[in-house]
2 protein chains.
Amino acid sequence: MDDSVGFLLARAGGRAIRGLNRGLEPFGLRTRHYTVLMAAAQHGGLAQRELGDLLGIDPSAVVALVDDLQTAGLVRRDPHPDDRRTRLVVLTDEGLKTFGEAAALASKIDDETLAPLDAAERATLADLLRRIARP
Amino acid sequence: MDDSVGFLLARAGGRAIRGLNRGLEPFGLRTRHYTVLMAAAQHGGLAQRELGDLLGIDPSAVVALVDDLQTAGLVRRDPHPDDRRTRLVVLTDEGLKTFGEAAALASKIDDETLAPLDAAERATLADLLRRIARP
DNA sequence: TATTGTTATACTCTATAACTATA
DNA sequence: TATAGTTATAGAGTATAACAATA
């Protein structure tokens with residue numbers, strides 16, 4: 001009897017989330033806050049709707065996450081030039097600095113998770129995950 | 001800027017869990033019930049403590065899951081022959097039948113998740129995950 | 001009419017502490 | 001004293017519906 005790939009994914013994913021949660025504690029952030037910072041850093045400025053689509057997070061959850069990050073001074077909500085309904089989530093200087101530190105930490109935790117694999121295998125895993133993980 | 005493997009794992013794992021949850025709705029089960037049935041089927045009979053260790057589930061959560069499965073008539077709690085504290089979780093005939101149907105469904109959902117990959121790539125992914133997913 | 005962000009709400013998941021009965 | 005199971009509880013994650021402002 002073989003474990004299903006879904007089961008293996010779920011367990012490895014859960015471990016990754018919990019590991020990053022523990023690592024982010026000093027920043028007062030959770031894994032999902034980090035993913036929002038990551039998306040905003042990658043794209044420069046994103047509507048909340050786009051953030052939710054990109055990360056697979058419900059719009060109402062995006063509101064709460066961006067609230068937290070804004071209170072912590074890590075993001076701003078800028079007006080959209082053409083659409084007054086839309087608010088663009090943009091990293092502050094402080095947010096960019098915090099994201100840099102958190103990204104270094106995430107990379108360290110990745111290394112621990114992937115310790116049993118060599119460099120080529122890590123690259124293969126990342127590639128396969130990227131191909132099935134699109135929302 | 002590259003996505004972290006932890007992030008990719010978390011997202012793919014979340015999708016797998018939600019997909020299986022939807023598929024299991026007709027059975028009145030959730031993904032975690034299914035993993036308990038899977039472990040019990042694989043090992044014949046397991047102490048709740050062993051179930052928790054194996055699946056990475058807290059003992060108090062195991063109680064609730066086994067309660068559900070017992071109420072549904074899918075598992076029994078048998079006494080341990082040597083230790084009266086321990087209760088062995090064993091599949092009933094009904095539980096074995098339901099697990100078989102659910103396993104077919106899980107395999108179908110795996111296929112959907114893994115659609116972008118060919119057979120060799122699927123095997124590679126399962127192998128890599130198995131190597132990093134040990135608790 | 002449809003969409004963006006928001007609020008309220010409920011349900012699931014996860015984790016912790018304290019208790020019982022056994023060892 | 002330590003361990004297996006249990007109970008209670010709280011916090012985090014997820015999903016849905018309804019609303020205001022705007023398109």
Side-chain angles (χ1 to χ4, degrees), chain A residues 7 10-11 13-25 27-36 40 45-71 75-90 135, chain B residues 7 10-11 13-22 24-25 28-36 40 45-71 75-90 135:
Chain A
F7 171 69
R11 188 158 67 173
R15 275 224 310 182
I17 290 175
R18 285 189 294 274
L20 190 52
N21 275 342
R22 271 191 292 275
L24 290 174
E25 258 179 12
F27 298 95
L29 301 176
R30 319 267 313 162
T31 295
R32 314 211 86 190
H33 297 106
Y34 172 72
T35 63
V36 170
L46 279 168
Q48 296 187 187
R49 172 80 207 290
E50 293 173 309
L51 272 174
D53 287 347
L54 204 60
L55 301 172
I57 301 175
D58 193 83
S60 63
V62 173
V63 172
L65 289 169
V66 174
D67 279 352
D68 293 341
L69 292 169
Q70 191 172 26
T71 300
V75 304
R76 294 192 312 271
R77 284 194 243 230
D78 286 352
H80 188 287
D82 302 330
D83 187 337
R84 282 193 294 167
R85 295 174 303 181
T86 302
R87 318 183 68 177
L88 296 175
V89 177
V90 184
Chain B
F7 170 70
R11 189 159 66 174
R15 275 224 310 183
I17 291 175
R18 285 189 293 275
L20 190 52
N21 275 341
R22 273 191 291 274
L24 290 174
E25 256 177 15
L29 302 175
R30 318 270 310 165
T31 296
R32 314 211 88 191
H33 297 107
Y34 171 72
T35 64
V36 170
L46 278 169
Q48 295 186 190
R49 172 80 207 291
E50 293 173 310
L51 272 174
D53 287 348
L54 205 60
L55 302 171
I57 301 175
D58 193 83
S60 62
V62 174
V63 171
L65 290 169
V66 174
D67 279 352
D68 293 341
L69 292 170
Q70 191 173 28
T71 300
V75 304
R76 294 192 312 271
R77 283 195 243 229
D78 285 352
H80 188 287
D82 301 330
D83 187 336
R84 285 194 292 169
R85 293 172 305 182
T86 303
R87 319 183 69 177
L88 296 176
V89 177
V90 184

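So that the names make sense, note that chain A is the first sequence line, chain B the second, and so on, each numbered from 1.
- In this entry the distance linking CG of A:Asn21 with P of D:dG13 reads 6 Å, nearest Å.
- Remark: A:Arg87 is not in phosphate contact with C:dT4, judged by side-chain N or O atoms under 4.0 Å from OP1 or OP2.
- Within the structure, a side-chain polar atom (N or O) of B:Arg84 is placed less than 4.0 Å from OP1 or OP2 of C:dA23.
- Using a 4.0 Å cut-off, no side-chain N or O of A:Arg30 falls inside it from OP1 or OP2 of D:dG11.
- Rounding to whole angstrom units, CG of residue A:Leu51 and P of C:dT6 are separated by 12 Å.
- Looking at heavy-atom distances under 4.0 Å, A:Asp83 makes contact with sugar-phosphate atoms alone, never a base.
- Judged by atom type and distance alone, B:Ser60 does not reach the base of C:dT14 through any side-chain donor-acceptor pair under 3.5 Å.
- Rounded to an integer number of Å, the gap from CZ of B:Arg32 to P of D:dG13 is 15 Å.
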Quiz prompt | Trace of the side-chain contact (heavy atoms from CB on, under 4.5 Å) decision for B:Val75 with B:Val90 | solution = CA-CA 5 Å; B:Val75 304; B:Val90 184; over 6 Å; no

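- Looking at the side chain of A:Pro59, the nearest of the listed nucleotides D:dA15, C:dA15, C:dT6 is C:dT6.
- Contact check, B:Arg49 against D:dA4: a side-chain N or O comes under 4.0 Å of OP1 or OP2.
- Taking atom CG of B:Asp58 as the reference point, atom P of C:dT12 lies 18 Å away to the nearest angstrom.
- A straight line from CG of B:Leu65 to P of C:dT14 spans 9 Å, rounded to a whole angstrom.
- Nearest heavy atom pair, residue B:Leu88 against residue B:Pro79, reads CD1-O, 4.1 Å.
- Toward the 5′ end of DNA chain C lies the nearest nucleotide of A:Val63, the other residue of the pair A:Arg22 and A:Val63 mapping further downstream.
- Using modelled atom types and a 3.5 Å distance limit, the side chains of A:Arg77 and A:Gln70 yield a donor-acceptor pair.
- A residue-by-residue look at B:Arg77 and B:Arg18 shows that B:Arg77 has its nearest nucleotide of DNA chain D further toward the 5' end.
- Note on B:Arg85: every side-chain N or O is 4.0 Å or more away from OP1 and OP2 of D:dT6.
- Residue whose closest nucleotide on DNA chain C sits further toward the 5' end, between B:Ile17 and A:Leu46: A:Leu46.
- Going from atom CG of B:Leu55 over to atom P of C:dC13 covers 14 Å, rounded to whole Å.
- On a pure distance criterion of 3.5 Å, no polar donor-acceptor pair joins the side chain of B:Thr86 and the base of C:dT22.
- Across every non-hydrogen atom of B:Leu46 and B:Leu51, the tightest pair is CD1-CD2, 3.7 Å.
- Atom pair A:Ile57:CD1 and C:dT6:P shows a separation of 15 Å (rounding to whole Å applied).
- Side-chain atoms of B:Thr31 come within 3.5 Å of backbone N or O of B:Ile17 as a donor-acceptor pair.
- One can place CG of A:Asp67 at 7 Å from P of C:dT6, the figure rounded to the nearest angstrom.
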